[in-house]
Amino acid sequence: MGSGLAVVETALVLPDMQIRAPRDGYPEGEQTGALEAVYRYAEDNAPWNYVVQIGDFLDLPYFSKHKTNTAGQKYALQCWDEDRERGKTWLNRFGRLGDRRYLIEGNHDFRAVQYAKENPHLKTLVDMSAYVKEAGWKWVPYWTTDITVKIGKAEFGHGMLTNKYHAEAHARRYLGANFFYGHVHDVQSYTPAVRGLGQVPITQSMGC
């Protein structure tokens, strides 16, 4: 006869990191001190059933159409090699803390996907999906396909909307879901009125 108690699973969810090595007069993209503090907390409370990185794991400015890069393709590939190794260190560290690991595609991660698409001869060199899988994480192509990660009654995606009412806008996009996202680098929540669910859903951004 069962105890009747619900099984509780834990998830470590990591918002936008935008990892980038310091170069060209700019500092590193990630907040190393904050990440170290988060890692110590996560390690002290390990193991986790799930580890989810919610998108914009790498910054990838040299693949962005919004940036001008006079050094060209050779320079971009050199930066890519440096940054993916820098990112792999964090993937390995956080990856040790849980067996089910997901990395969600954000708009910054999509820069690599788009760059490979526009330069098919570089597809084997610039492959975000392969990079993530090699580190032992599951790649979730959210920005490309709107696929989310569902854990129990919670749903995770990078987020796509950035106006000042973004929590409400995401609540309408994922109506009825308890949706948690990054992208906007702030914390905002919204609870929509949804009839017939038997529960009150929440949509919330997770800061940075």
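Please read these numbers as outputs of a predicted model, since none were measured by experiment.
- Using a 4.5 Å heavy-atom threshold, the side chains of Arg84 and Met128 count as separate.
- Residue Asp59 holds its CG atom at 11.0 Å from SG of Cys79, rounded to the nearest 0.5 Å.
- Nearest approach of Gly207 to Pro15, heavy atoms of both residues: O-CB, 3.5 Å.
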Worked check of side-chain contact (heavy atoms from CB on, under 4.5 Å) between Ile54 and Val13: CA-CA 7 Å; Ile54 213 162; Val13 183; 4.0 Å; yes

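- Rounded to the nearest 0.5 Å, atoms CD (Glu30) and CG (Asp16) are 13.0 Å apart.
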List the steps, then state whether salt bridge (Lys or Arg N to Asp or Glu O under 4.0 Å) holds for Glu82 with Arg86. CA-CA 6 Å; Glu82 293 172 355; Arg86 190 179 184 91; over 6 Å; no

For Arg23 and Tyr75, run side-chain contact (heavy atoms from CB on, under 4.5 Å): C-alpha distance rounded to whole Å, both residues' side-chain angles, the deciding distance at 0.1 Å, then the answer. CA-CA 12 Å; Arg23 62 173 67 93; Tyr75 176 76; 3.3 Å; yes

Step by step, work out the salt bridge (Lys or Arg N to Asp or Glu O under 4.0 Å) result for Arg100 and Glu9. CA-CA 12 Å; Arg100 286 172 283 184; Glu9 292 190 306; 3.0 Å; yes

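- With rounding to the nearest 0.5 Å, the separation of OG in Ser189 from CZ in Phe180 is 9.5 Å.
- Between Ile104 and Phe156 the shortest side-chain heavy-atom distance falls below 4.5 Å.
- When all heavy atoms are compared, the tightest approach of Ala112 to Trp80 is CB-CZ3, 4.3 Å.
- No side-chain heavy atom of Tyr115 sits less than 4.5 Å from a side-chain heavy atom of Tyr62.
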May I have the step-by-step check of side-chain contact (heavy atoms from CB on, under 4.5 Å) for Gln53 and Trp137, ending in yes or no? CA-CA 10 Å; Gln53 201 287 315; Trp137 293 59; 4.2 Å; yes

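- The only option from Asp109, Val126, Leu91 that meets the side chain to side chain contact (heavy atoms under 4.5 Å, CB included) definition with Tyr131 turns out to be Leu91.
- Residues Val51 and Phe94 come closest through the heavy atom pair CG2-O, 4.0 Å.
- The side chain to side chain donor-acceptor pair (under 3.5 Å) search around Asn163 returns none, not counting sequence neighbours.
- Counted within 6.0 Å of CG on Asp99, heavy atoms from surrounding residues, nucleotides or ligands total 12 or fewer; the atom is thus considered open.
- Relative to the ring axis of Tyr39, Arg93 places its NZ or CZ within 45° and under 6.0 Å from the centre.
- Phe57 and Gly87 get closest at one heavy-atom pair: CZ-O, 3.2 Å.
- Under the rule for a side chain to side chain donor-acceptor pair (under 3.5 Å), the partners of Thr32 that lie at least two apart in sequence or sit in another chain are Glu28.
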Set out, in order, the CA-CA distance, both residues' side-chain angles and the distance that settles side-chain contact (heavy atoms from CB on, under 4.5 Å) for Glu155 and Val149, then state yes or no. CA-CA 6 Å; Glu155 191 166 345; Val149 173; over 6 Å; no

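- One hydrophobic cluster, built from ILVMFWY side chains closer than 4.5 Å, holds both Val52 and Val38.
- Judged by distance alone, with hydrogens and angles left aside, the side-chain atoms of Arg101 form a donor-acceptor pair with the main-chain N or O of Gly95 at under 3.5 Å.
- When the ring-ring contact (aromatic ring centres under 6.0 Å, His included) test is applied to His108, no partner is found at least two apart in sequence or on another chain.
- Residues passing the side chain to side chain donor-acceptor pair (under 3.5 Å) test with His183, sequence neighbours excluded: Asn107, His158.
- Annotation: ring-ring contact (aromatic ring centres under 6.0 Å, His included) contacts of Tyr181 (sequence neighbours excluded): His166, His170, Phe179.
- For the pair Thr144 and Glu105, the minimum side-chain heavy-atom distance is below 4.5 Å.
- In terms of heavy-atom proximity, Leu97 sits nearest to Ala46 at CD2-CB, 4.0 Å.
- In this structure, Pro27 and Arg20 approach most closely via the heavy-atom pair O-NH2, 2.6 Å.
- Taking the side chain to side chain donor-acceptor pair (under 3.5 Å) definition, one finds that Tyr102 meets it with nothing, sequence neighbours left out.
- Using the six-membered ring where Trp is involved, Tyr41 and Trp48 have ring planes that are tilted, between 30° and 60° apart.
- Salt bridge status for Arg96 with Glu43: absent, with no side-chain N to carboxylate O gap under 4.0 Å.
- Within 6.0 Å of CD in Glu36 there are more than 12 heavy atoms belonging to other residues, nucleotides or ligands.
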